[in-house]
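In what follows, a structure is listed as structure tokens, so that the remarks can point back to it.
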Amino acid sequence: MPEGHTIHRLARDHSALLRHSTVTMASPQGRFVEGAARLSGRTLDGIEPYGKHLFYAFGDLFLHVHLGLYGKWTAGLGPPPDVRGQVRLRMTTDSAWVDLRGATACEVYDRKDKAAVLARLGPDPLRPRADAEKAWDRLHRSRSAIGQLLMDQSVVAGIGNVYRAEVLFRSGLSPFTPGNAVPRATWEGMWVDTRVLMRAGVKANRIVTTVPEDRDRPTGRATRADSHYVYRRAGLPCRRCGTEVRTQVLAARNLFWCPTCQPA
DNA sequence: ATAATATGGTGAT
DNA sequence: TCACCCTATTATC
């Protein structure tokens, strides 16, 4: 589930579990033995989420984690469970533990390394002082499709395939609209909507983009089946207009959209 | 038991 | 544009 909301939620949860504690690190799987040894025994000062990246600050060094497509954290209070499967990194304190599996990136960074990553990221809608203007600068000069641009982490950091599809649907915008054809007001609306959705995603720890009246059962909370408008709903009727939801690969991922609600 | 699939990104071509 | 990374879960036989 790693889009930006997951990353920010993890930062919050891990912060509650590990911050200001002495952290012991190990790599049962064996692929992060050296890095774990470098950081083990240090005190965690804080965790900074940015887009889909996590930076755990240990003095002048950082643990940089990018979950990629498969990465997952598990965590808990008390002593850690027996290691099962491929645990790339286990961090333990006196009172808590976290395990990392399958991450694309798990490495030790210094300030320079961290700055280099941040330098190539666009504004993150989940960060309070995110500068939407920077994203607009890129977007309104580009002939690339908005569905492509939203997946580009140097344009906006933290949006993934689900939010791409859902935000475009909610804005009534065709994914194939060139960036330079998107009206400024539309972009501003989309940005605000993205922030709202992603903040709700952090809180709920999952992505819900439908409003109650568009759900199968308009009362109560969204179920797994009705939490999205178009994502993974190819061939099913659009929740708003009944048109079959379409799919096509764009930016190397399956895109979903309603051709009626999001006309070209 | 085996295969297909996934919310991501990089680097080669 | 494509292969590849890497793991867990879900679907299919």
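Just so it is clear: chains get the letters A, B, ... in the order the sequence lines come, proteins before strands, and each one is counted from 1.
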(message) Can you measure A:Asn254 atom CG to B:dT7 atom P for me and round it to whole angstrom units?
(response) 6 Å
(request) Write down the distance separating the C1' atoms in B:dT10 and C:dA8, rounded off to the nearest Å. (result) 22 Å
(message) Take a 6.0 Å sphere around CZ of A:Arg84 and say whether it holds more than 12 heavy atoms from other residues, nucleotides or ligands.
(response) no
(message) Output the rounded distance in Å from CD (A:Gln148) to P (C:dT1).
(response) 8 Å
(request) Scan side-chain atoms only and decide if A:Tyr50 and A:Glu48 contain a donor-acceptor pair under the 3.5 Å cut-off. (result) no
(request) Grab the NE2-P distance between A:His5 and B:dT7 for me, whole Å please. (result) 13 Å
(request) Measure from the side chain of A:Arg101, starting at C-beta and using heavy atoms only, and say which of C:dA8, B:dA6, B:dG9 lies closest. (result) C:dA8
(request) Could you tell me the separation between the CD1 atom of A:Ile159 and the P atom of B:dG9, rounded to a whole number of Å? (result) 11 Å
(request) Using a 4.0 Å heavy-atom cut-off across all strands, classify A:Arg31 as base, sugar-phosphate, or nothing. (result) sugar-phosphate
(request) Give the other cluster members for A:Val249, using side-chain heavy-atom distances under 4.5 Å between Ile, Leu, Val, Met, Phe, Trp and Tyr residues; answer none if it is isolated. (result) none
(message) So, using ring-ring contact (aromatic ring centres under 6.0 Å, His included) as the criterion, who are the partners of A:His53 when residues are at least two apart?
(response) A:His64, A:His66
(message) Just the rounded figure in Å: distance from P of C:dT9 to CZ of A:Arg232.
(response) 15 Å
(message) Please pick, from B:dT7, C:dT7, B:dA6, the nucleotide with the shortest atom-to-atom distance to any side-chain atom of A:Pro2.
(response) B:dT7
(message) Starting the side chain at C-beta, find the nucleotide from B:dG9, B:dA6, C:dT7 nearest to A:His66.
(response) B:dG9
(request) Quick one: name the residues clustered hydrophobically with A:Tyr56, using the 4.5 Å side-chain heavy-atom rule over I, L, V, M, F, W, Y, and just say none if it's on its own. (result) A:Ile7, A:Leu10, A:Leu17, A:Leu18, A:Val23, A:Met25, A:Phe32, A:Leu39, A:Leu44, A:Ile47, A:Leu54, A:Phe58, A:Leu61, A:Leu63, A:Val65, A:Leu67, A:Trp73, A:Leu77, A:Leu89, A:Met91, A:Val98, A:Leu100, A:Val108
(request) To the nearest Å, give me how far apart CG (A:Leu197) and P (B:dT7) are. (result) 18 Å
(request) Scan A:Arg206 against the nucleic acid and name what it touches under 4.0 Å (heavy atoms): base, sugar-phosphate only, or nothing. (result) nothing
(request) Give the rounded distance in Å between these two atoms: CD of A:Gln29 and C1' of C:dA8. (result) 14 Å
(request) Mind calculating the distance between CG (A:Leu69) and P (B:dT7) to the nearest angstrom? (result) 6 Å
Return the polar atom pairs (N/O with N/O) between nucleotides 10-13 of chain B and the protein under 3.5 Å, or none.
unit_1	atom_1	unit_2	atom_2	d
B:dT10	OP1	A:Arg120	NH1	3.3

(request) Ignoring backbone atoms, test whether A:Lys72 places a side-chain nitrogen or oxygen under 4.0 Å from the OP1 or OP2 oxygen of C:dT7. (result) no
(request) Using only side-chain N and O atoms of A:Tyr163, determine if any of them is under 4.0 Å from OP1 or OP2 of B:dT7. (result) no
(request) Examine B:dG9: is either OP1 or OP2 under 4.0 Å from a nitrogen or oxygen in the side chain of A:Gln153? Give yes or no. (result) yes
(message) Checking contacts here: which listed nucleotide (B:dA6, C:dT7, B:dT7) is nearest the side-chain heavy atoms of A:Asn161?
(response) B:dT7
(request) Any ring-ring contact (aromatic ring centres under 6.0 Å, His included) involving residues 198-228 of chain A? Give me the pairs, sequence neighbours left out, ordered by first then second residue. (result) A:His228-A:Tyr231
(message) Considering only residues two or more places apart or on different chains, which pairs with a residue in residues 149-169 of chain A satisfy ring-ring contact (aromatic ring centres under 6.0 Å, His included)?
(response) A:His5-A:Tyr163, A:Phe169-A:Tyr229
(message) Between A:Arg233 and A:Trp257 (side chain of the first, backbone of the second, donor and acceptor by atom type, cut-off under 3.5 Å), is there such a pair?
(response) no
